[in-house]
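Everything numeric in this text was worked out from a predicted model, so none of it was measured. In what follows, chains carry the letters A, B, and so on, assigned in the order in which the sequence lines appear, proteins first and then strands, with residues in each chain numbered from 1.
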Protein chains: 4
Amino acid sequence: MSKKQDIMAATLDLIHEEGLQSVTFSKLFKRANVGSGTIYNYFANKEELVNAVYKEARLHMGEYLMQGYDPEASLYERFKCLQLNRLRFGIDFPKEFLFIDSFSYSPYISPELRNMDDPRHSVEVVLSLIVEGQKHGVIKEMDSHFCHQLIHGIISSVLKGYYVEKYPLNEIQIQQMLEASWKAILV
Amino acid sequence: MSKKQDIMAATLDLIHEEGLQSVTFSKLFKRANVGSGTIYNYFANKEELVNAVYKEARLHMGEYLMQGYDPEASLYERFKCLQLNRLRFGIDFPKEFLFIDSFSYSPYISPELRNMDDPRHSVEVVLSLIVEGQKHGVIKEMDSHFCHQLIHGIISSVLKGYYVEKYPLNEIQIQQMLEASWKAILV
Amino acid sequence: MSKKQDIMAATLDLIHEEGLQSVTFSKLFKRANVGSGTIYNYFANKEELVNAVYKEARLHMGEYLMQGYDPEASLYERFKCLQLNRLRFGIDFPKEFLFIDSFSYSPYISPELRNMDDPRHSVEVVLSLIVEGQKHGVIKEMDSHFCHQLIHGIISSVLKGYYVEKYPLNEIQIQQMLEASWKAILV
Amino acid sequence: MSKKQDIMAATLDLIHEEGLQSVTFSKLFKRANVGSGTIYNYFANKEELVNAVYKEARLHMGEYLMQGYDPEASLYERFKCLQLNRLRFGIDFPKEFLFIDSFSYSPYISPELRNMDDPRHSVEVVLSLIVEGQKHGVIKEMDSHFCHQLIHGIISSVLKGYYVEKYPLNEIQIQQMLEASWKAILV
DNA sequence: TATGAATGAGATTTCATTCAT
DNA sequence: CATGAATGAAATCTCATTCAT
């Protein structure tokens with residue numbers, strides 16, 4: 001792995017373990033096993049580093065969300081695919097997921113980055129799925145971004161409870177989550 | 001307003017505007033219009049200050065959630081009251097709401113504080129409401145904490161989209177949110 | 001003496017002893033006997049500090065140049081007063097003099113500062129003295145700034161040779177310098 | 001041009017533009033268009049590089065000063081030749097001239113280098129010219145080094161005023177400088 | 001209580017130098 | 001010879017905290 005990757009991975013680890021406000025460069029260098037000046041070959045400062053980590057995590061998640069997505073499948077099948085992919089991303093990559101969740105609404109992340117779409121256009125896909133469902137009279141009429149927030153909010157919240165071990169997250173809960181988020185937006 | 005209140009208000013303002021990691025004491029003193037030593041008459045250090053602000057916000061929210069709560073009302077009326085109170089708290093006190101939301105899972109807040117209940121027992125009330133609904137066959141069987149996360153996640157998420165001006169949040173959206181969260185957990 | 005004065009005096013000392021490029025903050029703090037953060041209460045950074053020291057030295061020299069200056073005295077008496085004052089300033093305050101001499105034409109000093117006049121208007125006095133002498137047919141016609149440089153250049157150069165102990169600088173040499181600079185600009 | 005020459009030229013340029021204390025190796029490499037390790041093939045460290053640049057500039061100036069010098073010419077002709085050569089060197093090679101002027105008394109330059117004479121013995125020539133003039137009763141009796149400083153000081157000072165565009169430096173001013181420096185040391 | 005100049009530990013950042021290619 | 005990524009010692013700078021007033 002390249003030094004740059006080492007640094008970004010160590011950054012994500014430390015933010016997850018101790019929170020951004022206690023990530024110092026010296027902890028970072030030790031963790032990433034690089035010299036103290038090395039970071040400046042890649043990032044002008046801490047803010048740029050954190051933004052780069054955020055961007056990479058978003059790209060990773062965007063990629064993951066589209067796994068196995070079949071544009072020809074039924075509306076519900078596609079909904080289910082997107083919701084499950086998101087949940088599984090949160091289960092498989094808790095550090096990335098929590099980091100994105102915490103910083104998406106933080107002043108640390110620039111608004112352009114917050115509103116970025118990814119190469120697989122996962123954001124657009126969700127939004128157009130919602131609009132399509134509304135056109136077919138299956139999903140309730142409402143602002144598509146609002147609807148987007150509804151179904152994602154459920155996943156985030158369920159994952160956070162799982163992360164602090166309020167409950168397990170196995171097939172039963174996964175089905176409950178899926179059902180809840182689908183029923184929430186049906187007409 | 002007392003010096004102590006000035007300091008706590010300035011802390012919340014700055015956390016909201018720039019994020020905890022960029023709140024420095026010198027910014028705080030300028031904003032609160034107090035001398036740099038004054039804070040130490042009230043708080044032993046920065047962590048204590050932030051915890052005090054968190055505690056106050058939690059108490060404020062706990063109080064707010066129980067406004068107009070009638071234990072004799074119908075299940076749905078009580079559900080509606082709690083959900084609307086929470087949403088309205090987020091609308092009326094965005095700084096408090098976001099602060100609680102961001103730091104509830106942060107290492108900066110002591111675990112005892114994170115798990116605190118308030119004098120009005122708002123957390124317990126929600127959980128027992130869920131259990132009661134399940135006993136009556138109205139709410140779907142699932143872990144009550146899981147269910148709690150579902151309905152709160154919707155509110156948090158909807159509010160965050162509103163905060164970044166993705167959409168307005170007037171009576172129409174409020175009703176949509178209410179309906180969505182109720183349908184999400186019905187049998 | 002105030003901390004600010006301590007810092008500025010230590011800066012001048014160190015620049016004189018080791019040159020600007022080897023003045024580090026840690027040497028500065030030790031020499032000035034202040035804590036490492038103290039400087040930032042007074043100067044935003046090193047450049048501001050050096051500029052402040054330069055400005056103070058210029059003010060000091062401007063003050064010194066006008067000592068005993070009698071506007072009613074004869075042209076030569078006034079010339080002599082100004083030249084002697086400048087030379088004596090160089091003898092009495094070698095650190096200030098050399099610092100001004102070295103940095104006046106260095107990119108480190110902002111052009112506004114280089115061209116500053118002082119409250120006693122010593123620069124203007126010299127220039128108008130030259131113009132007056134030219135009007136009376138005593139001093140050769142030439143650009144007054146050019147003439148200014150001629151007579152100051154002699155002093156600077158003589159002082160620098162003295163500083164490295166090429167020769168002593170007692171009454172004999174002082175009279176020789178005075179005579180040379182006067183003859184240099186006569187018609 | 002060789003890499004070595006590129007590096008030395010870039011060093012002189014940067015010192016002229018920003019001052020020695022802000023010449024960093026990374027600026028140097030970019031300017032000289034060489035890799036960061038290349039310099040160590042030619043110079044052991046920064047100090048050696050700067051000393052090499054100083055030495056080359058001194059040799060260049062020493063060579064230049066003796067241009068067209070005719071040992072058989074009259075005393076004034078020889079004086080004039082040396083003074084004009086020095087002035088013209090300053091006009092044609094401002095970076096070299098200023099660099100020599102600034103660093104001749106700086107601790108960065110080793111003392112042996114500061115006191116070097118050049119292969120054309122320009123320093124000795126000036127000093128013996130002064131002594132000869134005094135023997136013939138043309139130049140006023142004074143320490144020859146002192147006299148040397150007088151006439152060089154005029155040139156340096158006039159050049160520095162010209163560099164910061166206080167006045168032009170064409171034939172008129174050149175003659176005025178020549179006359180002034182000659183009259184300054186006549187009996 | 002309230003203040004704010006002073007502090008210094010520790011954070012960030014720079015930059016001359018090395019070394020594998 | 002030439003390169004430039006990597007280094008880490010040393011520099012600059014920040015900021016929570018103290019303390020005399």
Side-chain angles (χ1 to χ4, degrees), chain A residues 2-4 6-7 21-30 32-50, chain B residues 2-4 6-7 11 14 21-30 32-50, chain C residues 2-4 6-7 21-30 32-50, chain D residues 2-4 6-7 11 14 21-30 32-50:
Chain A
S2 76
K3 292 281 169 183
K4 188 175 177 179
D6 288 345
I7 292 165
Q21 75 285 344
S22 77
V23 174
T24 67
F25 276 135
S26 63
K27 286 178 189 171
L28 211 44
F29 302 140
K30 268 162 213 148
N33 221 33
V34 297
S36 64
T38 304
I39 193 177
Y40 294 98
N41 295 329
Y42 301 106
F43 307 98
N45 51 49
K46 199 155 132 184
E47 189 154 352
E48 241 184 45
L49 165 61
V50 173
Chain B
S2 76
K3 295 276 170 187
K4 186 174 179 181
D6 288 345
I7 291 165
T11 304
L14 284 169
Q21 79 287 342
S22 77
V23 175
T24 65
F25 272 24
S26 75
K27 285 176 188 172
L28 210 47
F29 302 141
K30 270 164 211 145
N33 226 28
V34 298
S36 64
T38 304
I39 195 176
Y40 294 96
N41 294 325
Y42 302 107
F43 307 98
N45 54 44
K46 196 171 161 179
E47 193 154 349
E48 243 185 43
L49 164 61
V50 173
Chain C
S2 76
K3 293 280 169 185
K4 187 176 180 180
D6 289 345
I7 291 165
Q21 74 285 345
S22 76
V23 174
T24 66
F25 277 158
S26 64
K27 286 178 189 172
L28 210 45
F29 302 140
K30 272 162 210 149
N33 221 33
V34 297
S36 64
T38 304
I39 194 178
Y40 296 97
N41 295 329
Y42 301 106
F43 308 98
N45 51 47
K46 199 155 131 184
E47 188 153 354
E48 242 185 46
L49 165 62
V50 172
Chain D
S2 74
K3 294 276 172 188
K4 186 174 181 181
D6 288 345
I7 292 165
T11 305
L14 282 170
Q21 76 288 339
S22 76
V23 175
T24 65
F25 272 23
S26 75
K27 285 177 188 172
L28 210 47
F29 302 139
K30 270 165 211 146
N33 226 29
V34 298
S36 64
T38 305
I39 194 176
Y40 294 96
N41 295 324
Y42 302 107
F43 307 98
N45 54 44
K46 195 171 164 180
E47 191 154 351
E48 244 185 42
L49 164 62
V50 173

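Partners of A:K30 under the salt bridge (Lys or Arg N to Asp or Glu O under 4.0 Å) rule, at least two apart in sequence or in another chain, do not exist in this structure.
Considering only side-chain N and O atoms, C:K27 lies nowhere under 4.0 angstrom from the phosphate OP1 or OP2 of F:dA11.
The two residues B:I7 and B:T11 have their closest heavy-atom pair at O-OG1, 2.7 Å. Summarising the geometry of B:K3 relative to B:Y42, their closest heavy-atom pair is CB-OH, 3.9 Å, with the distance given to 0.1 Å.
Taking atom CG of A:L49 as the reference point, atom P of E:dT12 lies 11 Å away to the nearest angstrom. Whole-Å rounding puts the C:N41 CG to F:dC13 P distance at 14 Å. In this structure, CD of A:Q21 is placed 13 Å from P of E:dA11, rounded to the nearest angstrom. Distance B:N33 CG to E:dG4 P: 10 Å, rounded to the nearest Å. Going from atom NZ of D:K4 over to atom C1' of F:dT3 covers 19 Å, rounded to whole Å. Straight-line distance from the CD atom of A:E48 to the P atom of E:dT12: 15 Å, rounded to whole Å. Straight-line distance from the NZ atom of A:K30 to the C1' atom of F:dT7: 15 Å, rounded to whole Å. Rounded to an integer number of Å, the gap from NZ of A:K3 to C1' of F:dG8 is 13 Å.
A heavy-atom distance below 4.5 Å is not found between the side chains of B:N45 and B:L49.
Distance alone, capped at 3.5 Å, is enough to place a donor-acceptor pair between the B:K27 side chain and the B:S22 backbone. A distance-only check finds no donor-acceptor pair linking the side chain of B:T38 to the backbone of B:V34 [under 3.5 Å]. For B:K4 (side chain) and B:I39 (main-chain N/O), no donor-acceptor pair under 3.5 Å exists by modelled atom type. The backbone N or O of D:V23 lies less than 3.5 Å from a partner atom in the side chain of D:K46, making a donor-acceptor pair.
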Heavy-atom contacts, protein to nucleotides 16-21 of chain F, under 4.0 Å, summarised as B (base), S (sugar-phosphate only) or - (none) per nt, yield SBB---
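Ring planes of A:F25 and A:F29: parallel class, angle under 30° (limits at 30 and 60°).
Across all strands, A:F43 comes closer than 4.0 Å to no nucleic acid atom at all (heavy-atom distances).
Both key distances under 3.5 Å define a Watson-Crick or G-U pair, and stretches of 3 or more such consecutive pairs in DNA chain E run E:2-21 with F:2-21.
Closest-nucleotide positions on DNA chain F for A:G35 and D:G35 were compared, and the one nearer the 5' end corresponds to D:G35.
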